[in-house]
Number of protein chains: 2
Amino acid sequence: MRKNDARTRVLAAASRLFYRDGIHAVGVDAVAAEAGVAKASLYGNFGSKNQLVVAYLRDRDQRWQERVDAITAAHTAPRDRVLALFDAYADWITGDGYRGCAFLNAAAEFPDPADPVREVVRHHKAALRSYLGAQLRETPDRADEVVLLLEGSAAAAVVAQDPQPFHIARRLAESLLA
Amino acid sequence: MRKNDARTRVLAAASRLFYRDGIHAVGVDAVAAEAGVAKASLYGNFGSKNQLVVAYLRDRDQRWQERVDAITAAHTAPRDRVLALFDAYADWITGDGYRGCAFLNAAAEFPDPADPVREVVRHHKAALRSYLGAQLRETPDRADEVVLLLEGSAAAAVVAQDPQPFHIARRLAESLLA
DNA sequence: CAGCAACTAGACAGACCTGTCTGTATGGTT
DNA sequence: AACCATACAGACAGGTCTGTCTAGTTGCTG
């Protein structure tokens with residue numbers, strides 16, 4: 001087996017299970033089985049379940065940044081880029097298995113603000129704010145408002161099980177950025 | 001001990017612990033101990049932990065409705081009533097122990113949309129939508145937008161540990177309702 | 001070819017979980 | 001006064017959790 005292959009597969013399995021079922025609800029045995037990997041390899045690579053959770057969120061943050069970059073590349077005007085984000089979020093719920101923002105879900109399961117998990121969550125949200133701030137640098141207040149619309153629609157879509165919140169948010173964002 | 005006293009105390013203890021630490025992280029022994037009640041009384045009154053969780057959320061929903069009614073009573077104009085909601089939310093985070101919306105947190109811990117827990121969550125959000133719809137019945141689109149702003153700011157405030165999201169959302173709501 | 005790092009399966013300890021059960025005490029109602 | 005629903009404390013069963021450990025296997029590298 002190639003070096004770090006076990007690590008990669010554990011991370012992929014953790015991402016699927018933690019996101020789908022919730023973090024506390026998934027044991028390390030389940031992650032190892034889903035990855036097709038021995039538990040010792042999981043502990044050898046990550047040290048503890050908590051560190052695996054942090055790695056899972058960091059990985060997800062990185063993949064999210066890459067997706068945002070891909071969306072950015074397809075448009076030039078800041079306004080189009082931001083609106084494309086709403087479309088991407090709406091597409092996200094259309095494919096099944098939508099469970100909302102993995103970072104907000106993790107924050108719900110880890111109450112202590114000093115927990116390393118919460119630091120990753122803050123980092124992710126800061127990155128979102130930073131991206132929007134860069135796109136809308138001439139109207140910084142708009143960036144904060146768009147963040148609220150994105151977070152709100154992601155949360156509302158979980159309950160509604162429907163992309164409509166994204167459509168409402170997008171329409172509102174359109175008029176905000178007019 | 002008076003009839004149903006144990007039930008009331010269990011519900012109060014569950015509300016404290018489930019909200020503060022998360023539902024999966026709190027065992028029934030901890031709830032019984034916090035309530036100063038025997039575990040058999042807990043099971044006699046609620047049947048199972050899952051049913052206790054449902055009762056906890058229903059109770060919270062009811063208390064929330066009462067608070068909203070109190071806020072409503074202090075204002076007459078629909079616009080003032082809605083804006084007062086944002087103020088109440090901002091006050092909420094100012095007192096410590098803020099952990100966001102208990103219903104969104106519960107939804108994060110109970111992934112199955114068919115779970116009774118999720119039904120209570122949908123009921124709560126429908127009540128919020130219904131309240132705003134009644135206040136803003138002449139501009140129903142505004143109601144959906146205000147819901148997004150409230151949900152978004154509640155979620156963002158958890159991560160930020162700061163009432164600023166509520167201020168931003170309130171400012172945006174003000175201009176929406178102008 | 002030898003050695004080493006990373007993998008494998010699986011048993012194990014110790015803690016915690018939910019839910020049940022036994023047996024006793026107590027307060028309100030008839 | 002007698003009864004009964006409800007409360008109590010706490011042991012218990014059966015399962016799952018995290019994390020460790022043993023022992024054997026595989027595959028790259030010098």
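Lettering follows sequence order; numbering is per chain, from 1.
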Query raised in the report: Looking at side-chain heavy atoms only, is the closest gap between Glu174(B) and Phe86(B) below 4.5 Å?
Result: no
**Report entry** Atom-pair distance (CZ on Arg9(A); C1' on dT8(C)), nearest Å
**Finding:** 11 Å
**Report entry** Under 4.0 angstrom between Ser41(B) side-chain N/O and dC8(D) OP1 or OP2
**Finding:** yes
Query raised in the report: Just how far, in rounded Å, is P of dC7(C) from CG of Leu42(A)?
Result: 11 Å
Query - Salt bridge flag under 4.0 Å for residues Lys39(A) and Asp29(A) - result: yes
Requested in this report: Taking only the side-chain heavy atoms of Ser48(B) (C-beta and beyond), determine which of dA7(D), dG19(D), dG19(C) contains the nearest atom.
Outcome: dG19(C)
Requested in this report: Kindly state which residues belonging to residues 19-30 of chain A come within less than 4.0 angstrom of DNA chain D, counting heavy atoms of the residue only, listed by number.
Outcome: Val26(A), Gly27(A), Val28(A), Asp29(A)
Query raised in the report: Can Asp144(A) and Arg129(A) be counted as an ion pair, charged N to O under 4.0 angstrom?
Result: yes
Requested in this report: Nearest 0.5 Å please: distance from the CG atom of Asp61(B) over to the CG atom of Leu128(B).
Outcome: 10.0 Å
**Report entry** Arg63(A) bridged to Glu66(A) by N-O distance under 4.0 Å
**Finding:** no
Query raised in the report: Looking at dA7(D), dA9(D), dC7(C), which one has an atom nearest to any side-chain atom of Ala40(B)?
Result: dA9(D)
Requested in this report: Return the nearest nucleotide to the side chain of Tyr43(B); candidates are dG10(C), dT18(C), dG19(D).
Outcome: dT18(C)
Query raised in the report: Where the side chain of Lys49(B) is defined as all heavy atoms beyond and including C-beta, which of dG19(C), dA9(D), dT8(C) is the nearest nucleotide?
Result: dG19(C)
Report task. To the nearest Å, give me how far apart CG (Asp5(B)) and C1' (dT26(C)) are. Result -> 14 Å
Query - Under-3.5 Å donor-acceptor pair between Lys39(B) side chain and dG19(C) base - result: yes
Report task. From the options dC7(C), dA7(D), dC8(D), select the nucleotide whose nearest atom is closest to the side chain of Asn45(A). Result -> dC7(C)
Report summary line: Taken to the nearest whole Å, CZ/Phe46(A) to P/dT20(D) is 16 Å
Query raised in the report: Quick one: do Glu151(B) and Lys125(B) make a salt bridge, cutoff under 4.0 Å?
Result: yes
Report task. Using the side chain to side chain contact (heavy atoms under 4.5 Å, CB included) rule, take Leu148(B) and Leu172(A) through it: C-alpha gap first, then chi angles, then the decisive distance, then the call. Result -> CA-CA 10 Å; Leu148(B) 287 184; Leu172(A) 186 48; 5.8 Å; no
